[in-house]
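Since the structure comes first, as structure tokens, the remarks are kept for the end.
The shown structure was predicted, so the numbers you read here are calculated from the model rather than taken from an experiment. A note on names: the letters A, B, ... follow the listed sequences, proteins ahead of strands, and every chain is numbered from 1.
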There are 2 protein chains.
Amino acid sequence: MSGYCAVKLAGVELRSACDDCKGRPRNGQLRFRRRDPVYLEGTQADAVFAVVEGYLRETRTTPEGRDQAVRLVCPGGLAGFESLRGGMFETSAQAITDAWVCRIPRAEALRGLEQRAGQFQAVISNLVDELSHVRETVLWLGTMKAEDRIIALLEQLAQRGGSLRFRLPMTRLELADFLGLSHSTVSRTLHQLRREGRIRLEGRWIELPRALTEPEESLLQSKE
Amino acid sequence: MSGYCAVKLAGVELRSACDDCKGRPRNGQLRFRRRDPVYLEGTQADAVFAVVEGYLRETRTTPEGRDQAVRLVCPGGLAGFESLRGGMFETSAQAITDAWVCRIPRAEALRGLEQRAGQFQAVISNLVDELSHVRETVLWLGTMKAEDRIIALLEQLAQRGGSLRFRLPMTRLELADFLGLSHSTVSRTLHQLRREGRIRLEGRWIELPRALTEPEESLLQSKE
DNA sequence: CGCTTATTTGATCTTGATCAATGGTAGTGG
DNA sequence: CCACTACCATTGATCAAGATCAAATAAGCG
């Protein structure tokens, strides 16, 4: 009984005994350091992961060895949904910052789902959110130019982090992997934005003006 | 009792009384013609749609008026998952071929989920599939060149349709919307592939050689 | 302090968008 | 059956966005 994982998800507390967590700090949450892999594409999907603190990214690596980040998993998010269906992981996940993660074994997760209707709702809700998030990414990659993609990502980070001033949780190259751009283009464009006074930028620290985030979710239009 | 919808999903029969379907042909399934809208972005998400026959596409329209197709919904697939969570539709869906679709009102769907554990599994499974499908699209858009994206889409269509020879269910422009390309590039590239003898092409009819599809299925967990 | 990893910046080259013209094809109504 | 129209597809010419290659700092970190 010493180790269990408890995560709030869409208002519902997900709790599950968690063998792997026994005796670890933080009530059974696992500690990952920047760059640590959480799970690997092509291996058996045997657990769902709830991110308590820090960021993960899901990636797929192309045959040519290039990484494409598919999803940014923020604190409060779930990763490794494949485990609920069975089969293999279709992406790899790794920590891009130090992170606390709760590992919920497949059997445990399924049992929880069967017993508690509220958890069902929570998980479906989370899945739908993630789906919509990935769709957003498709929109960026398919129709937007470099500058707009970068702004969109910055806005998303600000929104998820709850502040207009924040530290980028990743390198230029990692940003580029999310955006389908090269690291040079990311660097250049960020400086372009700074030169135009549209953002404040100092190393990894970013500050967005209200204007950029404000007319946001309404529609994305009237960019000013 | 006259109208009900019945769809097989991941081996489980989803069935629900369906007011809107009453008195319609095909046990309450709705008929859509090419181009008909199924639901619209920004409207109340009040029903899930199960595609029985034909293809839908989910799109988002950018402020500049360009369409980005986010997902191709094939026969047997579900669309409008947002309804399970509540809120607004985040994409629009329209038929790209004539289609038979089963409309399952939100309340009906939720009730079904609560009562039958099997349906829960089926829906989660479907959601996870769709998530992985959209992730695939992100990979295309983020890292692949025009030719590779087109090949990937053709392979997916062949796989979902179960045959190497099939009729494209959409125009060049619609293909382009899925791939984040222009219609000219799609046309050009298809002819390029034909010239090189890598595909057979005649109008909307496509035939892929084994070679194109073969060295790939292994990773995607042998769907058949 | 020295070494590795990030970042910035420049120069060049490729891809695919865009603009534009032409030919095809299917549906409609006389 | 044919003409008319609307949409679809092909193809060429031009151009810009970004990738790539390359080099020179700057920052972390043991």
For a quick check of understanding: with a heavy-atom distance under 4.0 Å over all strands, which category does B:Arg194 fall into, base, sugar-phosphate or nothing?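 The residue B:Arg194 makes no contact with any strand.
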Restricting to salt bridge (Lys or Arg N to Asp or Glu O under 4.0 Å), what partner residues turn up for [X], sequence neighbours left out?
X	answer
B:Arg85	A:Asp129, B:Glu90
B:Glu202	none
B:Arg195	none

Partner residues of B:Phe49 under the ring pair (Phe, Tyr, Trp, His ring centres under 6.0 Å) criterion, sequence neighbours left out: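 B:Phe49 satisfies ring pair (Phe, Tyr, Trp, His ring centres under 6.0 Å) with B:Tyr39 once adjacent residues are dropped.
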Partners of A:Phe81 by ring pair (Phe, Tyr, Trp, His ring centres under 6.0 Å), sequence neighbours excluded?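 For A:Phe81, no residue satisfies ring pair (Phe, Tyr, Trp, His ring centres under 6.0 Å) once neighbours in sequence are set aside.
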Sugar-phosphate atoms are those with a prime plus P, OP1 and OP2; base atoms are the rest. Using that split, label each nucleotide of nucleotides 10-27 of chain C B, S or - for protein heavy atoms under 4.0 Å, 5' to 3'. BB----SSBB--------
Please tell me if A:Arg204 has a side-chain N or O lying less than 4.0 Å from either OP1 or OP2 of C:dT7.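 For A:Arg204, the contact criterion (side-chain N or O under 4.0 Å from OP1 or OP2 of C:dT7) is met.
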With a cut-off of less than 4.0 Å, is there a side-chain N or O of B:Arg34 near OP1 or OP2 of D:dC8?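 Result: yes.
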Which nucleotide, C:dA6, D:dA9, C:dT8, lies nearest any side-chain atom of B:Ser187?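 Closest of the options to the side chain of B:Ser187: D:dA9.
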Roughly, in whole Å, what's the span from [atom1] in [X] to [atom2] in [N]?
X	N	atom1	atom2	answer
A:Ile150	C:dT8	CD1	C1'	14 Å
A:Asp177	D:dA19	CG	P	12 Å
A:Gln192	D:dA16	CD	P	16 Å
A:Glu202	C:dT7	CD	P	14 Å
B:Arg167	D:dC8	CZ	P	12 Å
B:Leu173	D:dT10	CG	P	13 Å
A:Trp140	D:dG18	CH2	P	15 Å
A:Gln68	D:dA19	CD	C1'	15 Å

Residue pairs fulfilling ring pair (Phe, Tyr, Trp, His ring centres under 6.0 Å) with at least one residue in residues 178-203 of chain A, sequence neighbours excluded: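 Listed by first then second residue: nothing to list.
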Which value, rounded to the nearest 0.5 Å, describes the distance between B:Ser83 atom OG and B:Leu78 atom CG?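 Result: 10.5 Å between the selected atoms.
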Note the angle between the end axes of the helix from C:dC1-D:dG30 to C:dG30-D:dC1, five pairs defining each, rounded to 10 degrees.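 The two end axes of the helix from C:dC1-D:dG30 to C:dG30-D:dC1 meet at 50°.
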Flag yes if more than 12 heavy atoms outside A:Arg200 fall under 6.0 Å of its CZ atom; otherwise flag no.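 No, because the 6.0 Å sphere around CZ of A:Arg200 holds 12 heavy atoms or fewer from other groups.
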Pair listing, side-chain hydrogen bond (donor to acceptor under 3.5 Å, both in side chains) test, anchored in residues 65-78 of chain B, at least two apart: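 Listed by first then second residue: B:Arg57-B:Asp67, B:Glu58-B:Arg71, B:Thr61-B:Asp67, B:Arg71-B:Glu130.
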